[in-house]
Amino acid sequence: MLREKIVFHSWKYKHYFELKSMGKNIMVICLLCKPMVREYSTAKNSTSNLKKHFDNVHKATKLVTRLDTQQSLKRPCCDDEDDNDDDIPPAANKKCSYIMQSSADAQKSFERKLLNFVIETIQPLDIIEQPSFKQLVEEPNTKEMTHNTLMNHIDTTYRTMRTTIMAHLADIKSVCTTADIWTAHNKSVFGMTCHWIDPTLLQQVSAALACIRIHGKHTFDIIASLIDEIHTSFSLGDKVVRTVTDNKSNFVKAFKEYGFQEEEDEKIAKVDHKFGLISDVTDQLFQLPKHQHCTAHTLKLIAAYDIHKHLSCTSSTSAVYCSSIAKCSALWNKASHSCTYEVIDNNTNKKLIVPCVTRWNLFYNTVKRVMSIEHLSIVCDEMGVAKFKMHEITFLKEYRKVLKPLTMALDILQGEEKSYYGYLLPTLLKLVDRLQHSKMDFKVATSLPDANITSIRKQFALLLDNTEEAMLAAVTLPMFKLQWLLEDKHEHAKMVVNEEARKISSEQQESAVVCAVSNCDNFFDYHQPAPQAVDVIADEVNKFLCDSDISLACMSKYPNMREVFLKYNATIPSSA
């Protein structure tokens, strides 16, 4: 009985697939297609189906050959054995091959699990050399992984992930990137992520582009060069619609000096009568895309600094604000001591939260938790803390009521699943509206809502005044459309959407015409316009805006609106 040879096991590109099942045919999952799960079938004696998949879907991907020694395809032989297989019974040969194949599969599974553990939990690489760790992961039919083997696996995984990301980005027209710098263990790290919308599912997809050490001072020119270098290495080019960062001065200056400047087109070059034109603009080695300030970071600054400054400097709230927060701080300090923990536990089922300097949301939640204690006076007595007076409790409740809409806005804008750019304007306008309606029955913090509104309008003045891109993103988001706008602005919004849809449609038609007539005789081309093109676009826009379906699935009925959605919703409002 002849042993069936499985070609896939010895194929040089098999590491791009994950084996799912093996029956009459082999079922595999393509790793290059992730995060989408796509299964493919191939015969045991051929890999032609998988080769066709590479040619059709991943033709832009540079495949890396990895030849693994498959002992499972060979019969183990001893020194005293003869090389002739005729003396070995077929059943024994098949059983030996099965044992070797099972051992090889067990070793690969063990190494893959160990690799995932080290990467996902960010473990030090020398953990696999610790005796206690070896005892923990020791399994039969497997051997220990060495430090060099782990490094090679990580390097291969990195190159595969990078190739996969570049393959996904090859067909994407609009992407958004984020950049940030943080410090850990006295070492500075520069990180970048990329975000885009899947054209088929209309879901947001994210990927990490870089996480590298940054040495020396974090000056604007170094930041600008790093951003451009990473964009170039992933062949993003003009695909990046915006780069989102926080409000730190080095990032702001980097985009001010090297970023996209819309007013540059309006500059008039000086004229030298002897030598002709002299350009005012100095040549730059590169140009960064448009800059988007992190909305979540801006709102946190408003809550943490602008409101604090207003409450501290206003005569009617200064005293009550300082005394209230001081008593809250005393509670938080006491709550961190083990001897007073039982007092809180006996009087309330909730543990007091200690605020964090870098996260304003947590400060709001800590105040909210203090106000939720039913027997607050008893807790203060037993913990040796000054009791809250009636006007202080009133102030803290009003403070919580004013800032609750702001925390809701933060949760929406820095969410990971639905962080479309179209959420930005409706969220800010709704936030202002809620603040205006919250000041009706205030007794102590009467000026706090107006101060909050003033800060929001000041910090987002540029966005609220120049709203075309953000407006297009919101109007093309099915859950909003025109509902968030005042009625007197509906016609203007329709006009802007019509113009943008018509522009994108004409660009696609021109591209299609160029492809169609490139090899044809265009001698008799009279360039007759299509008289119904404008009406078709306007009709599609009207139907979309009147459609009661608020799910993203409805975009499949409106191809031009779908293209506008993909272009303007690629930006994310927050880099958090």
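- Surrounding CG of D238 are at most 12 heavy atoms belonging to other residues, nucleotides or ligands under 6.0 Å away.
- The local environment of CD in E468 is sparse, with at most 12 non-hydrogen atoms from other residues, nucleotides or ligands closer than 6.0 Å.
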Could you walk me through whether V205 and I197 pass the side-chain contact (heavy atoms from CB on, under 4.5 Å) check?
-> CA-CA 6 Å; V205 185; I197 300 177; over 6 Å; no

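- Under the 4.5 Å side-chain criterion, counting only non-hydrogen atoms from C-beta, S206 is not in contact with W196.
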For salt bridge (Lys or Arg N to Asp or Glu O under 4.0 Å), just list the numbers for K567 and E500, CA-CA rounded to whole Å, side-chain angles, deciding distance to a tenth of an Å, and then say yes or no.
-> CA-CA 10 Å; K567 179 178 179 180; E500 187 61 31; 3.1 Å; yes

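- Under a 3.5 Å cut-off, the side chain of K327 and the backbone N or O of K387 do form a donor-acceptor pair.
- The shortest side-chain heavy-atom distance between K430 and P405 does not fall under the 4.5 Å cut-off.
- Between the K239 side chain and the L169 main chain, a donor and an acceptor come within less than 3.5 Å of each other.
- Here the side chains of S323 and E392 are in contact, with some heavy-atom distance below 4.5 Å.
- When every heavy atom of A570 is checked against every heavy atom of S174, the shortest pair comes out as CB-O, 3.7 Å.
- For the atom pair OG of S312 and CD1 of I325, the computed distance is 9.5 Å after rounding to the nearest 0.5 Å.
- Looking only at side-chain heavy atoms (C-beta outward), V564 and Y558 stay at 4.5 Å or farther from each other.
- Formation of a donor-acceptor pair under 3.5 Å by the R562 side chain with backbone atoms of P199 is found in this model.
- No more than 12 heavy-atom neighbours from other residues, nucleotides or ligands sit within 6.0 angstrom of NE2 on H308.
- Here the closest heavy-atom approach between residue P478 and residue I550 is recorded as CB-O, 3.4 Å.
- Between the side chain of D433 and the backbone N or O of L429, no donor-acceptor pair lies under 3.5 Å.
- With hydrogens and angles left out, the side-chain atoms of T243 and H291 include no donor and acceptor closer than 3.5 Å.
- Using a 4.5 Å heavy-atom threshold, the side chains of T177 and H195 count as separate.
- Residues T317 and A445 approach most closely at CG2-CA, 4.4 Å, considering heavy atoms.
- For the atom pair OG1 (T298) and NZ (K300), the distance works out to 10.5 Å, reported to the nearest 0.5 Å.
- For the pair C554 and D549, the tightest heavy-atom approach, listed with the atom from each and the gap, is CB-OD2, 3.4 Å.
- Across all non-hydrogen atoms, the minimal contact from D198 to L201 is OD1-N, 2.8 Å.
- Outside the 6.0 Å centre-distance limit, the rings of F251 and F220 are not counted as a close aromatic pair.
- Between V541 and the options V497, N560, V536, a side-chain contact (heavy atoms from CB on, under 4.5 Å) holds for only V497.
- Between the CG atom in L448 and the OG atom in S438 there is a gap of 8.0 Å [rounded to 0.5 Å].
- Side-chain N/O atoms of S575 and D246 include no donor and acceptor closer than 3.5 Å.
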Could you go through the salt bridge (Lys or Arg N to Asp or Glu O under 4.0 Å) check for E398 and K443 one step at a time?
-> CA-CA 8 Å; E398 291 178 357; K443 297 178 180 179; over 6 Å; no

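- The structure places CG of L485 at 11.5 Å from NZ of K494, a figure rounded to the nearest 0.5 Å.
- With hydrogens and angles left out, the side-chain atoms of T193 and T178 include a donor and acceptor closer than 3.5 Å.
- Donor-acceptor pairing under 3.5 Å is recorded for the side chains of Q292 and Y421.
- At least one donor-acceptor pair under 3.5 Å links the side chain of N569 to the backbone N or O of G422.
- Note that CD1 of I181 and OG1 of T245 are 9.5 Å apart. Values are rounded to the nearest 0.5 Å.
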Test side-chain contact (heavy atoms from CB on, under 4.5 Å) applied to T314 and Y321, step by step = CA-CA 10 Å; T314 304; Y321 171 68; over 6 Å; no

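- Using cut-offs of 30° and 60° on the angle between ring planes, the pair F286 and Y258 is parallel.
- Counting only heavy atoms from C-beta outward, the side chains of L226 and I214 approach each other to under 4.5 Å.
- Across all their heavy atoms, A224 and L288 have their closest contact at O-CD2, 3.6 Å.
- At least one donor-acceptor pair under 3.5 Å links the side chain of T476 to the backbone N or O of A473.
- Checked by atom type and distance alone, the side chain of S505 never pairs as donor or acceptor with a backbone atom of R502 at under 3.5 Å.
- Under 3.5 Å, the side chains of H293 and N247 contain a donor-acceptor pair of N or O atoms.
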Evaluation steps, salt bridge (Lys or Arg N to Asp or Glu O under 4.0 Å), between D547 and K557 | CA-CA 10 Å; D547 195 338; K557 299 182 289 185; 2.9 Å; yes

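- Within the cation-pi definition used here (under 6.0 Å to the ring centroid, within 45° of the axis), K481 qualifies as a partner of F544.
- Considering only heavy atoms from C-beta on, V241 stays 4.5 Å or farther from K290 through its side chain.
- Ring geometry for F565 versus Y420: interplanar angle of 30 to 60°, hence tilted.
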Audit row: Q459, D306, side-chain contact (heavy atoms from CB on, under 4.5 Å) steps and yes/no | CA-CA 10 Å; Q459 294 292 340; D306 292 358; 3.8 Å; yes

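- Note that R369 lies outside the cation-pi zone of Y364, set by a 6.0 Å cut-off to the ring centre and a 45° limit from the axis.
- One finds the NZ atom of K458 at 14.5 Å from the CG atom of L464 (value rounded to the nearest 0.5 Å).
- A donor-acceptor contact closer than 3.5 angstrom links the side chains of S419 and Q204.
- Counting only residues at least two apart or on different chains, the side chain to side chain donor-acceptor pair (under 3.5 Å) pairs with a member in residues 400-412 are K401-D441.
- Environment of CE in M371: crowded, with over 12 heavy atoms of neighbouring residues, nucleotides or ligands closer than 6.0 Å.
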side-chain contact (heavy atoms from CB on, under 4.5 Å) between L311 and I307, intermediate numbers included | CA-CA 6 Å; L311 293 174; I307 292 177; 3.8 Å; yes

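- Put simply, the side chain of F388 reaches to within 4.5 Å of the side chain of L331, judged on heavy atoms.
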